[in-house]
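In the text below, chain A, chain B and the rest are named by the order of the sequence lines, each starting its count at 1.
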Amino acid sequence: MSYPLAAAEGEGFVSPGPGTFVFPPLFGEGTFFTKTMLIVVLGSFAIAVFYYLAARRAATVPGKLQFAGESVYGFVRNSIALDAIGHEGRKYVPYLATLFSFIAVLNISGIIPVLQFPATSRIAIPLFLAIISWVIYNAIGIKRQGLVGYFKNMMFPPGIPWPVYILLAPIELFSTFFVRPITLALRLTFNMFAGHLVLVLFVLGGEYLVFDKGGLVGIAAGSVALFGSIVLTFFEGFVQLLQAYVFTLLTALYIGGALADEH
Amino acid sequence: MAPEAPDESGRGAGRQGESDAWGAFGLMISGVAVWGGVGYGLSVWLGNQIFVMLGLLLGMGASLYLVWFKYGRA
C-alpha cells in the first residue's frame, strides 16, 4: 500500500467535519423530520413526564421521583434565581427551571447511547432560547424602569463626564442590546459543537487506527484514542450540565440587572 | 433600595464574577464593532482608509476605559 495514493484510493482517514451535524430526513426523501427534531420532541416529552410524575402525588415525605424533581427545581431556585436576582427571583423560577431542564436534557442527549447527538449544537435551538431570554429581560427592564429610564440606565452609567458619553453610550447600547443574546447563543452552541466533534473524532480516529491501519502502532494508538473517548464522554457530560447552568445563570443575572438598575 | 439590602449581600461573588467576565468581553467586542464600523463607513464615504484604523483604535480605547470604569475600580 503506497501512502501518497491512499487518499485517492478512498482508504485514507476522512476526518469528521461540520457535515457530522447535518442529518438526512428520518422517513425518507422529501420529508422534513430529522434526528435533531426527534431529540427535541423526545427531550420535551421526557421533561414533561418527569415533572408530571414528580409532582403528581406530592407527599410530605417525598418518594424518589419527587425528591429528584424537587432537587432540580430547588437547585434552580436557590443557586440560580435567589442568588442572582434576590428575593424577587422567586417569580422567575418557573421560567428558569424550564430553561435549565430543557437545555440540560438537549445537551445530555449528546452522550446518551443511540441518540448521541447534542441537539443544542444546532444554532437554531440556543438562538431561539436566547431570543426568549432577551425579550423577557428587556420587557422586565422596560416595565420596571420605563422605556426612557431603561435605556438611560443602560447607556449612561453614572459618574462619567458628559462628553465621554458620546463615545461610550453606543458601545453600552450595542453590548447590552445585541452582543448579549448573541454570545448567550453562541457560547452554548459552540461548546456543544466542539465537544461533539472531538468525541466523534476520537471514536472514528480510534476505529480507523485499530481496524483499518492496524499494525502494532496503529492498534496501540487506536486503543488509547478509544479509551480517551470514554474519558471524554464523562468530561462532556460535565460540560453539558455546566453549560446549561451557565446559560440559565446568565439569563437570571440579566433579569436581575434589569430589575435592579433603578437609582 | 433599603429593604433589598440583605439579599444583595447574599449574592455569590463567583456568580457576579462570571457575569462581569462576559460583560467585559461583550464591551470589548462592542467597542471595536461600533467605532470600527463608524470608521469603516467614514472611509468608504470619504475615500480614505485611515478612518478605519482611527475608528478601531478609538473603539478599543473607549471600551477599555469602560471596562475599567465598570469592573476595574475598587
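- Annotation for A:Ile132: atom CD1 counts as buried by contact number, over 12 foreign heavy atoms lying within 6.0 Å.
- Smallest separation of non-hydrogen atoms from A:Ile166 and B:Trp35: O-CZ2, 3.4 Å.
- Figure legend: A:Arg187 and B:Trp22 shown as a cation-pi pair, the cationic atom lying under 6.0 angstrom from the six-membered ring centre and within 45 degrees of its axis.
- Proximity to chain B (any heavy atom under 4.5 Å) is shown, for A:Leu173, by neither the backbone nor the side chain.
- A:Leu167 touches chain B through backbone and side chain together, each having a heavy atom under 4.5 Å away.
- Scanning both residues, A:Ser175 and B:Leu27, for their nearest heavy atoms gives OG-CD2, 3.5 Å.
- Heavy-atom neighbours of A:Phe67 CZ from other residues, nucleotides or ligands within 6.0 Å: at or below the threshold of 12.
- Contact count against chain B (heavy-atom pairs under 4.5 Å) is highest for A:Leu168 among A:Leu168, A:Val246, A:Ile182, A:Val179.
- Within 6.0 Å of OH in A:Tyr95 there are more than 12 heavy atoms belonging to other residues, nucleotides or ligands.
- Heavy-atom neighbours of chain A within the stretch residues 58-70 of chain B, taken at a separation under 4.5 angstrom, comprise B:Leu58, B:Gly59, B:Ala62, B:Ser63, B:Tyr65, B:Leu66, B:Phe69, B:Lys70.
- Within a 6.0 Å sphere centred on CZ of A:Phe156, other residues, nucleotides and ligands contribute more than 12 heavy atoms.
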